[in-house]
J.: 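Below are the structure tokens for one structure; questions will follow.
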Amino acid sequence: METSRNNRKLVNAEITGVGMYVPEKVLDNHYFETIVDTNDEWIVSRTGIKERRKEENGATSDMSAKAVMDLLKSKNMDPEEIDAIIVATVTPDMFFPATACLVQEKIGAKNAWGFDLSAACSGFLFALETGASLIQSGRHKKVVVVGADKMSSILDYTDRNTCIIFGDGAAAVLLEPTEDLDSGYIDSKLHCDGKGAEFLYMKGGGSLHPCSHESLDDGYHQLVQDGKTVFKEAVKGMADISVEIMERNNLKSEDVAYLVPHQANKRIIDATANRMGIPLEKAMLNIDRYGNTTAATIPLCLTEYYRAGKLKKGDNLILSAFGAGFTWGAIYIKWSLD
Ligand code: UT7
């Protein structure tokens with residue numbers, strides 16, 4: 001058995017459980033034809049989205065708590081076993097307290113600490129890296145990583161460029177230690193570049209532009225995106241980083257069971273799969289049903305594909321994302337659940 005310098009056993013992190021929640025209310029493309037100048041054909045052909053969900057009864061902490069409860073139920077696990085909760089989100093219930101604290105209370109995770117992490121569409125990957133490090137440190141045995149966003153709370157429903165793209169949802173994974181260092185979390189490469197800040201943002205409510213009558217009038221409390229620029233950067237960012245992580249782990253296209261891409265635009269996903277040399281069927285998809293749920297897209301994919309019996313132990317998965325910041329990255333995991 002390998003040991004670290006302070007005599008702790010070296011352990012890796014692996015995903016040992018998944019759970020999800022999506023709201024019942026469905027907004028299809030035809031609904032948007034009634035509120036902005038758009039049509040189903042444009043939305044499907046330019047984005048791949050057919051419908052998305054809208055949370056009408058709760059906030060991000062409620063959606064997150066439901067996703068974690070779904071995970072705990074599937075594992076028959078007591079919430080008091082959780083050591084830490086990380087919530088990746090850009091739509092927290094409020095600035096503070098952290099959404100993670102509200103989730104902790106809602107699910108009765110009496111022994112957990114937790115915090116929120118803001119990295120927009122890359123949020124789940126950044127949170128997974130953080131959660132895996134807590135496990136690898138040897139000081140945590142059960143870490144829950146949540147990706148959750150209530151995008152409907154920050155959308156401008158008069159802007160056809162953005163309101164048709166995003167949706168609400170939450171999903172969670174459980175990380176636990178394994179002594180098999182070749183299983184679970186194998187490699188990652190994450191980036192941020194603040195030069196991208198001007199292309200995708202929500203200006204208002206922070207210390208730069210505190211809430212005021214003017215900030216409300218100027219639409220500072222809603223998401224703004226220069227779609228064309230973000231699209232161009234996302235295609236390059238996601239494809240480059242996915243290929244890089246394959247190459248440095250000597251993975252050929254046939255070794256990859258699935259690309260698990262952030263779901264921003266079907267055309268970005270196709271371009272990434274093409275650059276990796278993998279067939280489109282090997283790219284997980286839920287964008288048609290949920291749109292872009294920001295931090296939730298990747299764990300929603302993992303939960304649905306696992307529950308549909310499409311994943312097997314040992315499968316090589318490349319998780320990949322690009323989003324506001326800019327933030328981007330890829331993570332290579334060997335799937336651990338049968
Ligand atoms: O997840 C975080 C990262 N975000 C992304 O990765 C999103 C990246 N961007 C995109 O996915 C795409 O850029 C969009 C889906 C946002 C837009 O698609 P596009 O093909 O890049 O369209 P565009 O912005 O170049 O606009 C083309 C035309 C414009 O009309 P004009 O100026 O040529 O007359 C837009 O006004 O399409 C128009 N347009 C629409 N038309 C019908 C924009 N939105 C719509 C709409 N319905 N909903």
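Read the numbers this way: they start at 1 and go in the same order the structure lists the ligands and their atoms. Scope of the values below: all heavy atoms of this structure, side chains included, with no hydrogens, waters or symmetry mates.
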J.: Which residue and non-hydrogen atom of the protein lie closest to atom 3 (C) of ligand 1, and at what distance in Å?
T.: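 Residue, atom and distance for the closest contact: Val230 CG1, 3.6 Å.
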
J.: If you count the atoms of ligand 1 from 1 in the order shown, which ones are under 4.0 Å from a heavy atom of Arg46?
T.: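 Counting atoms of ligand 1 from 1, those under 4.0 Å from Arg46 are 20 (O).
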
J.: Check whether any side-chain heavy atom of Ile85 sits under 4.5 Å from a side-chain heavy atom of Val68, and report yes or no.
T.: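 Side chain of Ile85 against side chain of Val68, heavy atoms only: no contact under 4.5 Å found.
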
J.: Can you find a protein heavy atom under 4.0 Å from atom 31 (P) of ligand 1?
T.: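 For atom 31 (P) of ligand 1 the answer is no, since every protein heavy atom stays at 4.0 Å or beyond.
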
J.: Do Asp315 and Lys312 sit within salt-bridge range, that is, some charged N less than 4.0 Å from a carboxylate O?
T.: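 Lys312 and Asp315: salt-bridged.
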
J.: Counting non-hydrogen protein atoms only, what is the nearest one to atom 46 (C) of ligand 1? Give residue, atom name and distance.
T.: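 Scanning the protein heavy atoms, the shortest distance from atom 46 (C) of ligand 1 goes to Thr38 OG1, 3.3 Å.
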
J.: Closer than 4.0 Å to some heavy atom of Thr47 - which atoms of ligand 1 meet that?
T.: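 Within the 4.0 Å cut-off of Thr47, ligand 1 contributes 15 (C).
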
J.: What do you reckon, does Ala264 have a nitrogen or oxygen under 3.5 Å from a nitrogen or oxygen of ligand 1?
T.: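 Checking ligand 1 against Ala264, no N or O pair falls under 3.5 Å apart.
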
J.: What's the spacing between Ile165 CD1 and Phe32 CZ if we round to 0.5 Å?
T.: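 So the gap between those two atoms works out to 10.0 Å.
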
J.: In ligand 1, which numbered atoms sit nearer than 4.0 Å to a non-hydrogen atom of Asn292?
T.: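 Close to Asn292: 1 (O), 2 (C).
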
J.: Is the closest side-chain donor-acceptor distance between Gln136 and Asn12 under 3.5 Å?
T.: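 Checked: Gln136/Asn12 side chains pair up, N/O donor to acceptor below 3.5 Å.
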
J.: Kindly compute the distance separating CG (Asp218) from NE2 (His209), expressed to the nearest 0.5 Å.
T.: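 Answer rounded to 0.5 Å: 9.5 Å.
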
J.: Would you say atom 26 (O) of ligand 1 touches the protein, meaning some protein heavy atom is under 4.0 Å from it?
T.: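 Under the 4.0 Å cut-off, atom 26 (O) of ligand 1 has no protein heavy-atom neighbours at all.
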
J.: Considering only protein heavy atoms, which is closest to atom 22 (O) of ligand 1, and at what distance to one decimal place?
T.: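 Residue, atom and distance for the closest contact: Trp42 CZ2, 3.9 Å.
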
J.: Specify the protein heavy atom at minimum distance from atom 21 (O) of ligand 1: its residue, its atom name, and the distance to 0.1 Å.
T.: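 I find the closest protein heavy atom is Arg267 NH2, 4.2 Å.
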
J.: Can you confirm whether the side chains of Ser242 and Ser320 place a donor and an acceptor under 3.5 Å from each other?
T.: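 Yes - a donor-acceptor pair under 3.5 Å links their side chains.
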
J.: Please classify the Val36 to ligand 1 contact at 4.0 Å (heavy-atom distances, strictly less than): side chain, backbone, both or neither.
T.: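 Neither; no heavy atom under 4.0 Å.
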
J.: What are the atoms of ligand 1, with element, lying closer than 4.0 Å to any heavy atom of Ile164?
T.: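 So the answer, numbered in order with elements, is 48 (N).
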
J.: Can you pull out the closest protein heavy atom to atom 43 (C) of ligand 1? Residue, atom name and distance to 0.1 Å, please.
T.: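 Closest protein heavy atom to atom 43 (C) of ligand 1: Asn161 OD1, 3.1 Å.
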
J.: Determine whether any protein heavy atom is located less than 4.0 Å from atom 36 (O) of ligand 1.
T.: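 Under the 4.0 Å cut-off, atom 36 (O) of ligand 1 does have protein heavy-atom neighbours.
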
J.: Going by the angle between their ring planes, with limits at 30° and 60°, are Phe326 and Phe199 parallel, tilted or perpendicular?
T.: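 Geometry flag for Phe199 against Phe326: parallel rings.
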
J.: Using a strict cut-off of 4.0 Å, indicate which atoms of ligand 1 neighbour a heavy atom of Asn265.
T.: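 Answer for ligand 1: 10 (C), 11 (O), 12 (C), 15 (C).
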
J.: In the structure I gave you, are the side-chain heavy atoms of Met20 and Pro299 within less than 4.5 Å of one another anywhere?
T.: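 No, every pair of side-chain atoms sits at 4.5 Å or beyond.
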
J.: Does a salt bridge link Asp270 with Lys266, judged by any charged N lying under 4.0 Å from a carboxylate O?
T.: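 Yes, charged N to carboxylate O under 4.0 Å.
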
J.: Out of all atoms in ligand 1, which are within 4.0 Å of some heavy atom of Ile268? Include the element for each.
T.: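 What qualifies from ligand 1 is 6 (O).
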
J.: Would you say atom 8 (C) of ligand 1 makes contact with the protein, given that contact here means a non-hydrogen protein atom less than 4.0 Å away?
T.: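 Under 4.0 Å from atom 8 (C) of ligand 1, at least one protein heavy atom found.
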
J.: Can you find an N or O of Asn39 that's nearer than 3.5 Å to an N or O of ligand 1?
T.: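 No; every N/O pair is 3.5 Å or more apart.
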
J.: For the residue pair Tyr185 / Glu129, report whether a side-chain donor-acceptor contact shorter than 3.5 Å exists.
T.: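 Tyr185 and Glu129 do have a side-chain donor-acceptor pair below 3.5 Å.
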
J.: Tell me the protein heavy atom at minimum distance from atom 16 (C) of ligand 1, and give that distance in Å.
T.: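 Going atom by atom, the protein heavy atom closest to atom 16 (C) of ligand 1 ends up being Ile165 CD1, 3.5 Å.
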
J.: Considering only non-hydrogen protein atoms, determine which one is nearest to atom 34 (O) of ligand 1 and report residue, atom name and distance to 0.1 Å.
T.: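 Looking only at protein heavy atoms, the one closest to atom 34 (O) of ligand 1 is Arg160 NH2, 4.7 Å.
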
J.: Within 45 degrees of the axis of the six-membered ring of Tyr157 and under 6.0 Å from its centre: does Lys54 put its NZ or CZ there?
T.: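 Judged by the rule (NZ or CZ under 6.0 Å from the ring centre, within 45° of its axis), Lys54 counts as positioned above Tyr157.
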
J.: Is it the case that Asp149 and Thr89 place a side-chain donor and acceptor less than 3.5 Å from each other?
T.: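 Checked: Asp149/Thr89 side chains pair up, N/O donor to acceptor below 3.5 Å.
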
J.: For atom 4 (N) of ligand 1, what is the closest protein heavy atom, and at what distance to 0.1 Å?
T.: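 Atom 4 (N) of ligand 1 sits closest to the protein heavy atom Gln225 OE1, 3.0 Å.
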
J.: May I ask you to decide whether Lys334 forms a salt bridge with Asp180, counting only side-chain N to carboxylate O separations under 4.0 Å?
T.: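 Asp180 and Lys334: not salt-bridged.
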
